[in-house]
Amino acid sequence: MPSPGDYFAALKATPFEDVKVVILGQDPYHGYGQANGLSFSVGKQMALPPSLRNIFKEMAVDLDQPDFEFKDGDLSGLARQGVLLLNTVLSVEENKPGSHQGRGWEKLTDRIIELLDEHRSGLVFILWGNQAKKKASNIDAYKHRIITSVHPSPLSAYRGFFGSRPFSQCNEFLQSRGVEPVLWLAGL
């Protein structure tokens, strides 16, 4: 659960005009001190949550570096490269996943996605899990690339997350439009 000062950390870390990729998750980690306001990210001293471990496994295999060693779970380096790490809900109660769904955050995150869709083109939206996939209806697939899969959590990762290759697909699309690819591994 992020502290109230971190609710909007994703928007601060990746300004609107710098966004080239949106990774959309469900809600922040619900363990004490885990969430830092960037979806799937944790502070440098935190143990890696299972979903993030699965993301890292897929990233390493997808980018043909299966032996890559991840130092920590801080994804702020990706945010600085234009990856907006957003959740559909920006807060949660400790040890109660999904506890702040339906409290208004979805309207805000819908609007953020709508504004990106309206005022930008050629973005990549990576939507993981059912809550995130619902946001696809707010995105013009003719203007942007939408990549979806099941959530990377241990409960669903083997049902379509592993092998989905979102990172290479993202970079292929960006490069096809003359945009610098994301340095996924170097950004960590």
Side-chain angles (χ1 to χ4, degrees), residues 1-63 65 68-92 94 97 100 105 108-109 112-113 115-116 120 122-129 131-132 135 144-145 147 149 151-153 157 161 164 166-171 173-175 179-188:
M1 71 180 208
S3 67
D6 287 335
Y7 289 169
F8 302 104
L11 302 174
K12 292 175 189 171
T14 312
F16 186 86
E17 61 277 0
D18 295 344
V19 174
K20 59 184 175 183
V21 178
V22 177
I23 292 181
L24 193 63
Q26 181 173 306
D27 57 5
Y29 295 125
H30 56 87
Y32 179 78
Q34 280 185 304
N36 62 11
L38 306 177
S39 66
F40 299 105
S41 180
V42 294
K44 292 184 184 296
Q45 306 305 316
M46 296 296 299
L48 296 181
S51 293
L52 185 55
R53 276 197 303 261
N54 288 342
I55 290 168
F56 284 168
K57 284 179 191 175
E58 178 62 19
M59 187 183 290
V61 170
D62 183 8
L63 301 174
Q65 295 196 30
F68 187 86
E69 290 188 37
F70 295 90
K71 297 175 287 206
D72 57 56
D74 180 10
L75 303 182
S76 60
L78 299 179
R80 287 190 295 275
Q81 292 185 67
V83 180
L84 179 61
L85 298 160
L86 189 66
N87 282 309
T88 60
V89 173
L90 305 184
S91 65
V92 67
E94 186 176 351
H100 288 184
W105 286 122
L108 174 65
T109 55
I112 292 167
I113 290 167
L115 287 169
L116 286 166
R120 304 290 307 281
L123 301 180
V124 178
F125 289 86
I126 301 174
L127 313 177
W128 288 332
Q131 297 301 320
K135 302 288 189 182
H144 308 286
R145 175 76 162 93
I147 300 169
S149 80
H151 195 277
S153 80
F161 179 74
S164 64
F167 309 102
S168 60
Q169 287 185 65
C170 172
N171 281 351
F173 179 81
L174 292 173
Q175 289 176 302
V179 176
E180 286 291 317
V182 175
L183 302 175
W184 296 104
L185 298 172
L188 300 173

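Heads up: numbering here begins at 1 and tracks the sequence.
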Measure across [X] and [Y] and return the closest heavy-atom pair with its distance rounded to 0.1 Å.
X: K12; Y: G5; answer: NZ-O, 3.8 Å
X: T109; Y: T88; answer: OG1-O, 2.9 Å
X: F161; Y: S149; answer: CD1-OG, 3.4 Å
X: S39; Y: L75; answer: O-CD1, 3.8 Å

Hey, what do you get for [atom1] ([X]) to [atom2] ([Y]), rounding to the nearest 0.5 Å?
X: F167; Y: L63; atom1: CZ; atom2: CG; result: 7.5 Å
X: L116; Y: L123; atom1: CG; atom2: CG; result: 6.0 Å
X: I126; Y: L86; atom1: CD1; atom2: CG; result: 13.0 Å

*Of all residues at least two apart in sequence or in a different chain, which pass the ring-ring contact (aromatic ring centres under 6.0 Å, His included) check with F68?*
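Listed in chain order: F70.
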_Test of understanding: with ring-ring contact (aromatic ring centres under 6.0 Å, His included), list the residues that count as partners of F40, not counting sequence neighbours._
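For F40, the residues satisfying ring-ring contact (aromatic ring centres under 6.0 Å, His included) (neighbours in sequence not counted) are W128, H151.
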Set of residues satisfying side-chain hydrogen bond (donor to acceptor under 3.5 Å, both in side chains) with respect to [X], sequence neighbours excluded:
X: R120; value: none
X: K71; value: none
X: S41; value: N36
X: Q65; value: none

Can you give the donor-acceptor pairs under 3.5 Å from side chains of residues 14-25 to other protein atoms, not counting sequence neighbours?
from, atom 1, to, atom 2, distance (Å)
T14, OG1, A79, O, 3.0
T14, OG1, V83, O, 3.2
K20, NZ, E180, O, 2.8

*Results of side-chain contact (heavy atoms from CB on, under 4.5 Å) for L11 - residues two or more places apart only*: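 With neighbours one apart ignored, the set is F8, L84, I112.
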*asked:* Which residues pass the side-chain contact (heavy atoms from CB on, under 4.5 Å) test with Q81, not counting sequence neighbours?
replied: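 With sequence neighbours excluded, Q81 shows a side-chain contact (heavy atoms from CB on, under 4.5 Å) to L78, V182, L183, given in chain and number order.
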*Give the C-alpha distance, both sets of side-chain angles, the deciding distance and a yes or no for side chain to side chain contact (heavy atoms under 4.5 Å, CB included) between F173 and I147.*
CA-CA 11 Å; F173 179 81; I147 300 169; over 6 Å; no
Donor-acceptor pairs under 3.5 angstrom involving side-chain atoms of residues 44-55: please list them, not counting sequence neighbours.
from, atom 1, to, atom 2, distance (Å)
K44, NZ, D74, OD2, 3.2
R53, NH1, L48, O, 2.8
N54, ND2, P152, O, 2.7

*Kindly say whether P166 contributes a backbone atom to a donor-acceptor pair with the side chain of E58 at under 3.5 angstrom?*
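Here the side-chain-to-backbone pair does not exist.
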*Is N171 close to W184 at the side-chain level, that is, under 4.5 Å between some pair of heavy atoms?*
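When only atoms from C-beta onward are counted, N171 and W184 do touch, with a gap below 4.5 Å.
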